[in-house]
Amino acid sequence: MIMSRSEARSDADTVSAGPLVDRLLGGLPADAVLTDPDVTASYAHDMASFCPAGRPAAVVLPRTVEQVQHVMRTATELRVPVVPQGARTGLSGAANATDGCIVLSLTRMDRILEISPVDRIAVVEPGVVNAALSRAVGEHGLSYPPDPSSWETCTIGGNIGTASGGLCCVKYGVTAEYVLGLDVVLADGRLMSTGRRTAKGVAGYDLTRLFVGSEGSLGIVVRAVLALRPKPPAQLVLAAEFSSGAAACDAVCRIMAGGHVPSLLELMDRTTVKAVNDMARMGLPESTEALLLAAFDTTDPAADLAAVGALCEAAGATQVVPAEDAAESELLLQARRMSLPALEAVRGTTMIDDVCVPRSGIGELIDGVERISEKYRLTIGVVAHAGDGNTHPTVCFDATDAEESRRARESFDEIMALGLELGGTITGEHGVGVLKREWLARELGPVGVEMQRAVKKVFDPLDILNPGKLF
């Protein structure tokens, strides 16, 4: 519901947020403040399972930096927590509301402010959708490489908040490597600029990197200067079948040790391949234990695919099929992009893990996940950005079955423990949020947690920015 200021006042007795709403409306248009409980409830959480979410007092949708500053000044004066949000496609509960908070949705701040082909930068607001930016810079012969699976709906601000990755990370890197500078509204409403728009710059501490991945716990990103790259040629994809996960992982190691630089190197286990076939009838080879997809966007991708195909055969591939053109390549990539929806269809609900291990440990992780699957009597499919060791073991379960849900949660935790044992990390691109909060402490250790909390206190002494996340 969109409220006028008079309506907000008359509703104060029932919402118990009347003073807050009045203050917000003092610097915001009426259509920017939502208080109807049925509407605000739809903003209460992201896409993660097993993450508690509270009831927001109000949802605010600003369009300008000044409006964001007004929200933060109001929140500081009234000591009200603020939960920043993008498109809520996250998978860790980082955008989940807390009781009585202001949900600050930045989706209306969606302007691309500048594209500079000479400087190879784009300046954008946080609500710009990733795919929209990619298409806009493509018209200038440029590309913005980070491409999360949700790129058609996720926002740049959300990508920055969770330091998200994507399919092309093996060659082009993750979001953090493309954020040159930020404008950030601090907890008290002050506006701070970090970083630069130049190709080089090392002045002072790198506060820009500090904000990337901070999940809105240090400040509200209202503008970003992003690095762009020349638009690469169309990529060609190769599919290789293996009779074991170990053989597929051996191929990954051979490819990377051989100095090859694929634009994509993805792995799907047999459970995932079957799920995709069941949902889309794509005709993928269900006899395979692991399917490896490799792509190159070089000037001679066919030659690169031939070299990688030979390495796959040396590692024991039972079949190697290079795509002949862009259309065949896109069909193979479509199968990979369908992995998560297909696994969700297996039992209705999924928990998508995000452990990242050294490339040399991918095989051990996959074998361990299979043991965990058998132990907990659950379907767990594995898809992986194999080129950088970032795996997504996906636990499939029936959320209406309490016992199965319990086993799902326990298996999820056991997978994270396995990742740490293999020298990895609990999250490669989804973030910590609520879902992995206790595991962050295990990974960082007590001294690491103490230092990170100290940093948080400098930027947010009242602990009003996304409280309860990370720590």
Side-chain angles (χ1 to χ4, degrees), residues 24 27-29 32 60-76 82-87 94-95 102-116 119-130 132-133 136-137 144 146 154-164 174-228 431 455-456 458-462 464-466:
L24 291 172
L28 292 160
V60 177
L61 297 103
R63 291 187 182 275
T64 69
V65 173
E66 292 75 20
Q67 289 175 1
V68 175
Q69 290 181 278
H70 170 70
V71 172
M72 294 313 305
R73 292 188 191 106
T74 300
T76 293
V82 176
V83 176
Q85 289 184 350
I102 299 169
V103 164
L104 184 60
S105 174
L106 298 159
T107 54
R108 290 184 181 176
M109 297 181 68
D110 59 357
R111 294 179 300 161
I112 298 174
L113 302 172
E114 179 186 353
I115 297 173
S116 173
D119 294 325
R120 292 184 181 174
I121 62 168
V123 182
V124 304
E125 293 182 326
V128 171
V129 172
N130 185 294
L133 175 62
V137 302
Y144 177 68
C154 66
T155 62
I156 295 299
N159 294 169
I160 291 171
T162 57
S164 57
V174 296
T175 297
E177 295 168 62
Y178 292 88
V179 182
L180 299 178
L182 296 170
D183 281 358
V184 180
V185 174
L186 300 177
D188 60 7
R190 288 179 295 166
L191 180 64
M192 179 179 74
S193 294
T194 74
R196 64 194 196 279
R197 55 180 289 145
T198 55
K200 294 181 179 179
V202 293
Y205 294 127
D206 190 350
L207 296 182
T208 302
R209 279 291 186 110
L210 183 62
F211 281 100
V212 178
S214 66
E215 301 183 14
S217 65
L218 302 179
I220 311 297
V221 172
V222 291
R223 187 185 71 110
V225 180
L226 305 174
L228 304 176
V455 171
K456 161 78 167 169
V458 169
F459 285 92
D460 183 22
L462 300 178
I464 63 172
L465 280 169
N466 217 6

Out of curiosity, [X] [atom1] to [Y] [atom2], how far, rounded to the nearest 0.5 Å?
{"X": "I464", "Y": "S217", "atom1": "CD1", "atom2": "OG", "result": "12.5 Å"}
{"X": "R197", "Y": "S116", "atom1": "CZ", "atom2": "OG", "result": "6.5 Å"}
{"X": "I220", "Y": "F211", "atom1": "CD1", "atom2": "CZ", "result": "9.5 Å"}
{"X": "L182", "Y": "T194", "atom1": "CG", "atom2": "OG1", "result": "4.0 Å"}
{"X": "E125", "Y": "T107", "atom1": "CD", "atom2": "OG1", "result": "11.5 Å"}
{"X": "L180", "Y": "K200", "atom1": "CG", "atom2": "NZ", "result": "14.0 Å"}

Exercise. Taking it one step at a time, do N130 and I156 satisfy side chain to side chain contact (heavy atoms under 4.5 Å, CB included)?
Worked result: CA-CA 6 Å; N130 185 294; I156 295 299; 4.2 Å; yes
Would you check if [X] and [Y] make a side-chain contact, meaning some heavy-atom pair closer than 4.5 Å?
{"X": "I160", "Y": "V179", "answer": "yes"}
{"X": "D119", "Y": "T198", "answer": "no"}
{"X": "M109", "Y": "T64", "answer": "no"}
{"X": "L113", "Y": "R223", "answer": "yes"}

So which atom in [X] and which in [Y] form the shortest heavy-atom distance, rounded to 0.1 Å?
{"X": "G86", "Y": "S105", "answer": "O-OG, 4.4 Å"}
{"X": "L465", "Y": "G216", "answer": "CB-O, 3.6 Å"}
{"X": "L218", "Y": "L186", "answer": "O-CD2, 4.1 Å"}
{"X": "A136", "Y": "I112", "answer": "CB-CD1, 3.7 Å"}
{"X": "V185", "Y": "L191", "answer": "CG2-CD1, 4.0 Å"}
{"X": "V137", "Y": "Y144", "answer": "CG2-N, 3.8 Å"}

For this session: Could you walk me through whether R111 and V128 pass side chain to side chain contact (heavy atoms under 4.5 Å, CB included), step by step?
Result: CA-CA 6 Å; R111 294 179 300 161; V128 171; 5.7 Å; no
Check: [X] side chain, [Y] main-chain N or O, donor-acceptor pair, under 3.5 Å:
{"X": "D188", "Y": "R190", "value": "yes"}
{"X": "K456", "Y": "P461", "value": "no"}
{"X": "R209", "Y": "A176", "value": "yes"}
{"X": "E215", "Y": "T162", "value": "no"}
{"X": "T175", "Y": "S164", "value": "yes"}
{"X": "N159", "Y": "T155", "value": "yes"}
{"X": "D110", "Y": "P126", "value": "no"}
{"X": "Q69", "Y": "G189", "value": "yes"}
{"X": "T76", "Y": "A187", "value": "yes"}

For this session: Decide yes or no on side chain to side chain contact (heavy atoms under 4.5 Å, CB included) for L28 and V71, but give the supporting numbers first.
Result: CA-CA 9 Å; L28 292 160; V71 172; 3.9 Å; yes
For this session: Quick one: do L210 and T208 satisfy side chain to side chain contact (heavy atoms under 4.5 Å, CB included)? Show the steps, please.
Result: CA-CA 5 Å; L210 183 62; T208 302; over 6 Å; no
For this session: State whether the number of non-hydrogen atoms from other residues, nucleotides or ligands found under 6.0 Å of R120 atom CZ is greater than 12.
Result: no
Exercise. Does any donor atom in the side chain of S193 or D183 lie under 3.5 Å from an acceptor atom in the other side chain?
Worked result: yes
Problem set entry | Residues that R63 engages under side-chain contact (heavy atoms from CB on, under 4.5 Å), provided they are two or more places apart | Q67, R108
